[in-house]
Amino acid sequence: MARTSLRDTSNGKIFSTANLIFGIGQISKMTDVSTRQLRYWESKGYIKPKEREDGNTSRLYGYDTFLKVSGIKLMLDEGYTLAASVERTDALMAEAFNIRGFLLDAYHGEATIDGQTMLDLGYFDEDHTQRLYAHRTADNRVHYVVKPENGAN
DNA sequence: TTTCTGACA
DNA sequence: TGTCAGGA
């Protein structure tokens with residue numbers, strides 16, 4: 001029987017954050033950053049409210065902005081200047097999205113190898129005769145296993 | 001009630 | 001950045 005996998009489900013629409021929209025007051029409470037600061041950061045070009053077609057002038061922020069504000073706030077609390085906090089948050093977010101994209105491309109589903117549930121990481125070699133699997137050990141170390149494609153090695 | 005811009009401390 | 005004014 002076919003099983004559902006993140007790799008081929010809804011074109012990535014599952015767990016989408018596209019409809020997570022927040023007002024300035026909500027973002028403020030969620031991140032503990034004042035509305036005054038949020039408007040100031042916007043004036044500095046650090047954050048950008050969502051474009052809106054209706055006449056309403058109140059700001060709306062997407063999930064991405066919530067993440068960015070959270071990151072900046074964290075750096076600020078660590079003692080970095082606002083500019084440095086923005087720079088570091090941008091870098092970390094870029095890295096995080098890179099990792100996410102890489103992982104989604106590398107992930108080919110789950111497989112049970114020797115009674116152990118493992119991640120199928122796809123073909124291991126150029127001629128597609130072996131697949132690479134990985135799983136985490138009890139102490140959270142990553143363990144890799146290479147197995148022949150058809151099981152008859 | 002919430003949000004907005006501008007201004008003053 | 002906080003806070004207040006005066007509107008919307």
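The analysis underlying the following values was restricted to heavy atoms, covering all of them including side chains, and did not include hydrogens, waters or symmetry mates. Numbered from 1 within each chain, the chains take letters A, B, ... in sequence-line order.
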Count the heavy atoms belonging to other residues, nucleotides or ligands that lie under 6.0 Å from [atom1] of [X], then report whether that count exceeds 12.
X	atom1	value
A:E42	CD	yes
A:R136	CZ	no
A:N19	CG	no

Would a 4.5 Å heavy-atom cut-off, applied to side chains only, mark [X] and [Y] as touching?
X	Y	result
A:T31	A:F66	yes
A:I113	A:H135	no
A:T17	A:F15	no
A:D90	A:K68	yes
A:D120	A:R131	yes
A:V33	A:S28	no
A:Y80	A:R88	yes

When you compare the protein's N or O atoms with those of nucleotides 5-9 of chain B, which come within less than 3.5 Å of each other, and at what distance?
from  : atom 1 : to    : atom 2 : distance (Å)
B:dT5 : OP2    : A:R59 : NH2    : 2.1

Interatomic distance, [X] [atom1] vs [N] [atom2] [rounded to whole Å]:
X	N	atom1	atom2	result
A:Y40	B:dC4	OH	P	18 Å
A:W41	C:dT1	CH2	P	6 Å
A:D77	C:dT1	CG	P	11 Å
A:Y61	B:dT2	OH	C1'	13 Å
A:Q37	C:dG2	CD	C1'	10 Å
A:R52	B:dT3	CZ	C1'	11 Å
A:N56	B:dC4	CG	P	9 Å

All side-chain contact (heavy atoms from CB on, under 4.5 Å) counterparts of A:L119, not counting sequence neighbours: A:Y107, A:L121

List the residues meeting ring pair (Phe, Tyr, Trp, His ring centres under 6.0 Å) with A:Y123, not counting sequence neighbours, and say none if there are none. A:H128

With the criterion being N/O to N/O and under 3.5 Å, what pairs connect the protein with nucleotides 4-8 of chain C, and how long is each?
none

Would you say A:T35 places a side-chain N or O within less than 4.0 Å of OP1 or OP2 belonging to B:dT3? no

Run the numbers on A:R52 and A:D54 for salt bridge (charged side-chain N to carboxylate O under 4.0 Å, His left out), then give the verdict. CA-CA 6 Å; A:R52 48 190 306 172; A:D54 57 1; 3.0 Å; yes

Which of residues 21-31 of chain A have a heavy atom under 4.0 Å from DNA chain B? A:I24, A:G25

Using Watson-Crick pairs (N1 to N3, plus N6-O4 or O6-N4) and G-U wobble pairs, both distances under 3.5 Å, which stems of at least 3 pairs involve DNA chain C?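 Consecutive-pair runs (3 or more) involving DNA chain C: B:4-9 with C:1-6.
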
